[in-house]
Student: 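The structure's right below; bear with me while I get my questions together.
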Amino acid sequence: MNAYIPSATSEICPTVKNGIHYTPDDVALELVRGAKHHLSVTPSLSVLDPACGDGALLRAAEYELGNHHFFHGCDLFFPNVQNWSETMQFHHGNFFDYSLDDQYDLVLTNPPYIQFGRLDKKQRENLHRQFSKEVLFRGTADLWVYFLIKSVSHLRFGGTLAAIIPWSFLEAEFSHDIRKWMASYFRDIRVLVLRDKHFGTTEKRVLLVWLGNYGLPAENIEVGFSDDIGDDHFYQSLSNDEWLRPCLITTVGIQHADIIKHAMEGGWFELRSVASVKIGVVTGANSFFIRARSEHDIVSSVPIFTKVRELQALEIHDPPEKELLILDNRRAPDDVYIQEGLNANIQKRSHCVRRGEQWFRLTLESAPDCFFTYRVSSIPYLTLNPEGFQCTNTLHEVRFTQELSLNKKRWIALSILSDISQLSLELKGRHYGNGVLKIEPSALKEVLVFLPPKRISERRFNRISALLDSGQKEEASLEATAYCKEVSSLPDQVWEDAKNALEQIRRRRN
């Protein structure tokens, strides 16, 4: 076997433009070693890397498979080929123009991680027109998806694809379609989700995907989670139905359906039955419409929260630093300020254009009953708004749809910090590769909340609120869980199961 030749930048490979992050050597070797389990034993294999970069995947393949095989690389950029062997051939060009006459036994790829919105409009349209016949997307797909589809078209029957792809595969809108497509064309599917960051040039976390026996429907689907490449990896088998659920993070090894069922039988219910949810105020130009109190002399304004960190409590009474300007061109000094906005072309901002000639006139609903921190890396929570402040779309607005006493409102806010509610938020929210949990309004409506038939302890409510205010979110959640456990009829085992499931999901997310 050949001696392994590391890349010139084996520790942390540099990032180049266009979403390219060169593959670290340990990741390259792991990808090839996993692919070996799916390869048929033949005297010679043909191997392709359609975005070969500096050749890390091809060098790893030569090291693991031997130099009697044929290795081909394609890239838009000329690689540093000083470490390439004679068995490696390089094609300079766009992979999407690469001839389909060239077929391979193994495709290895770490495709560019360019998001859909960053692609040129014409390029997006061309890619979608070319590949949407293969996979019917329900939304928009990032560039790496099209690389995968094109790569599969170069596989021989029974061939293997091994890829390094971002966490968006776990639950992005288009990921369901990609997973369905994979299950239709590959008998063996294995996914290793890496929680740690392995590319020093990006915050993105990645996962390794091995697709074996091309041309046959899925029979074996396995998913595993690992902190590091060097760990022992344990995989769990999934059914086709489990594979096609919206989020793989919450699918593997977590029996959450029974927990939710028991909670609802024990008196927990979805927030939607007592409240509506929508995003906060969208101005279209916050720097114009929102100013500090000392920075304007506009006649009419409304206190407004613009940042999550302003709401670290279960109940907020102190007014925010910023105010939303309520402008009217028929009064001074509003007309002068509006003219300043015209001079700065504020009226041409997209949301202002939608308001037409009255681009400066915002329509406000009544103040929400609560605010919700919908995009977090730790613990989301609800903040009651008894003083009637407003918020921008950095927060969600929650309005109760029926008359509730202050006692009941406080119970709802406190219960959302408990393990039962936090688990339901993790299950309904979207998990991002940088550890962020995002809760859309539709998901927040489905969070489980609790209203016990007793008066809430003001001392305990204030204690938990103070913990939030001091940044001790985990401690606040622990105390809220303990309090809800005391007053609920749920068996201890349900609480224990909820705790374990929540810890497992958060560990994967973070």
Side-chain angles (χ1 to χ4, degrees), residues 2 23 28-53 55-75 84-111 127 130-135 144-165 169 177-192 208-222 240 243:
N2 296 351
T23 310
L29 287 168
E30 183 71 19
L31 188 72
V32 175
R33 287 167 182 161
K36 286 171 65 177
H37 296 294
H38 300 287
L39 294 173
S40 302
V41 179
T42 60
S44 61
L45 294 168
S46 56
V47 182
L48 171 68
D49 181 351
C52 62
L57 292 177
L58 294 177
R59 288 195 303 277
E62 184 185 49
Y63 173 73
E64 288 291 326
L65 303 176
N67 59 9
H68 52 284
H69 302 293
F70 303 97
F71 304 96
H72 301 258
C74 175
D75 208 292
W84 285 41
S85 71
E86 294 180 355
T87 64
M88 300 181 191
Q89 299 181 15
F90 175 69
H91 172 80
H92 177 236
N94 187 335
F95 174 57
F96 293 110
D97 297 328
Y98 199 75
S99 173
L100 290 175
D101 293 335
D102 297 319
Q103 299 288 290
Y104 299 88
D105 301 296
L106 171 63
V107 175
L108 303 167
T109 182
N110 173 21
L127 288 171
Q130 184 177 355
F131 295 105
S132 60
K133 295 177 182 178
E134 295 287 335
V135 182
W144 64 264
V145 173
Y146 298 111
F147 258 81
L148 250 61
I149 299 171
K150 177 70 159 59
S151 296
V152 169
S153 66
H154 289 276
L155 281 179
R156 295 190 175 106
F157 182 83
T160 297
L161 171 70
I164 305 166
I165 57 179
F169 175 78
D177 306 306
I178 300 303
R179 284 184 267 136
K180 183 177 181 180
W181 166 71
M182 290 177 175
S184 299
Y185 289 100
F186 289 93
R187 190 187 72 184
D188 304 304
I189 299 173
R190 173 176 279 187
V191 177
L192 178 63
L208 309 185
V209 177
W210 295 279
L211 307 173
N213 283 288
Y214 172 62
L216 299 171
E219 295 181 7
N220 308 302
I221 303 175
E222 297 179 310
N240 276 36
W243 172 249

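Positions are given from 1 along the sequence. Note that the structure is a prediction, hence the values are computed from the model and not measured.
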Student: Locate the shortest heavy-atom distance separating L108 from A35; write the atom from each residue and the value.
Tutor: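 Of all heavy-atom pairs spanning L108 and A35, the closest is CD2-CB, 4.5 Å.
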
Student: As a quick check of understanding, evaluate side-chain contact (heavy atoms from CB on, under 4.5 Å) for L45 and L106, giving each step before the final call.
Tutor: CA-CA 7 Å; L45 294 168; L106 171 63; 5.8 Å; no

Student: Using ring-ring contact (aromatic ring centres under 6.0 Å, His included), reason through Y146 and F95 one step at a time and then give a plain yes or no.
Tutor: CA-CA 10 Å; Y146 298 111; F95 174 57; over 10 Å; no

Student: Test of understanding: with salt bridge (charged side-chain N to carboxylate O under 4.0 Å, His left out), list the residues that count as partners of E222, not counting sequence neighbours.
Tutor: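 Here the qualifying residues are R190.
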
Student: I want to check something: taking the side chain as every heavy atom from C-beta on, are F70 and T87 in contact at a cut-off of under 4.5 Å?
Tutor: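 They are not in contact (no side-chain heavy atoms under 4.5 Å apart), so the answer is no.
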
Student: Could you walk me through whether S46 and Q103 pass the side chain to side chain donor-acceptor pair (under 3.5 Å) check?
Tutor: CA-CA 8 Å; S46 56; Q103 299 288 290; over 6 Å; no

Student: Using side-chain contact (heavy atoms from CB on, under 4.5 Å), reason through M88 and H72 one step at a time and then give a plain yes or no.
Tutor: CA-CA 6 Å; M88 300 181 191; H72 301 258; over 6 Å; no

Student: What do the steps show when you test V209 against I165 for side-chain contact (heavy atoms from CB on, under 4.5 Å), and what is the final call?
Tutor: CA-CA 8 Å; V209 177; I165 57 179; 3.6 Å; yes

Student: Search all heavy atoms of L161 against all heavy atoms of S151 and return the closest pair with its distance.
Tutor: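 Closest heavy-atom pair between L161 and S151: CD1-CB, 4.0 Å.
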
Student: Can you tell me how far apart OG1 (T160) and NZ (K36) are? Round to the nearest 0.5 Å.
Tutor: 13.0 Å

Student: Within the 4.5 Å heavy-atom criterion, are V152 and F186 side-chain neighbours or not?
Tutor: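 Yes, their side chains come closer than 4.5 Å.
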
Student: Out of curiosity, C52 SG to L58 CG, how far, rounded to the nearest 0.5 Å?
Tutor: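 C52 SG to L58 CG: 6.0 Å, rounded to 0.5 Å.
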
Student: State which residues pass side-chain hydrogen bond (donor to acceptor under 3.5 Å, both in side chains) with Y98; sequence neighbours excluded, sorted by chain then number.
Tutor: Y104

Student: Output yes when a side-chain donor or acceptor of H154 lies under 3.5 Å from a complementary backbone atom of D102, and no otherwise.
Tutor: yes

Student: Could you walk me through whether K150 and L100 pass the side-chain contact (heavy atoms from CB on, under 4.5 Å) test, one step at a time?
Tutor: CA-CA 9 Å; K150 177 70 159 59; L100 290 175; 4.1 Å; yes

Student: Any chance you could measure L148, atom CG, to F169, atom CZ, to the nearest 0.5 Å?
Tutor: 8.5 Å

Student: Can you tell if the side chain of I221 reaches within under 4.5 Å of the side chain of M182, non-hydrogen atoms only?
Tutor: no

Student: Which pairs would a plain distance check flag for residues 210-219, meaning a side-chain donor or acceptor within less than 3.5 Å of a matching protein atom at least two apart in sequence or in another chain?
Tutor:
unit_1: W210; atom_1: NE1; unit_2: L31; atom_2: O; d: 2.8
unit_1: N213; atom_1: ND2; unit_2: D188; atom_2: OD2; d: 2.7

Student: Can you tell me how far apart CZ (R156) and CG (D105) are? Round to the nearest 0.5 Å.
Tutor: 4.5 Å

Student: Roughly how far, to the nearest 0.5 Å, is the CD atom of E30 from the CD1 atom of I164?
Tutor: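 It comes to 10.0 Å.
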
Student: Taking atom types as modelled and ignoring hydrogens, do the side chains of N110 and T23 form a donor-acceptor contact shorter than 3.5 angstrom?
Tutor: yes

Student: Write down the atom of G66, the atom of F71, and the distance for their closest heavy-atom approach.
Tutor: O-CZ, 3.5 Å

Student: Report yes if some heavy atom in the side chain of V191 is under 4.5 Å from a heavy atom in the side chain of W243; otherwise report no.
Tutor: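 The answer is yes, as the side chains (C-beta and beyond) meet within the 4.5 Å cut-off.
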
Student: So do the side chains of D49 and C74 get within less than 4.5 Å of each other, counting heavy atoms only?
Tutor: no

Student: Is the shortest heavy-atom distance from the side chain of E64 to the side chain of R33 under 4.5 Å?
Tutor: yes

Student: Look up atom NE2 in H68 and atom OG in S44, then write down how far apart they are to the nearest 0.5 Å.
Tutor: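 Interatomic distance, H68 NE2 to S44 OG, rounded to 0.5 Å: 7.5 Å.
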
Student: Check whether any side-chain heavy atom of W181 sits under 4.5 Å from a side-chain heavy atom of I149, and report yes or no.
Tutor: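 The answer is yes; the side chains approach within 4.5 Å.
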
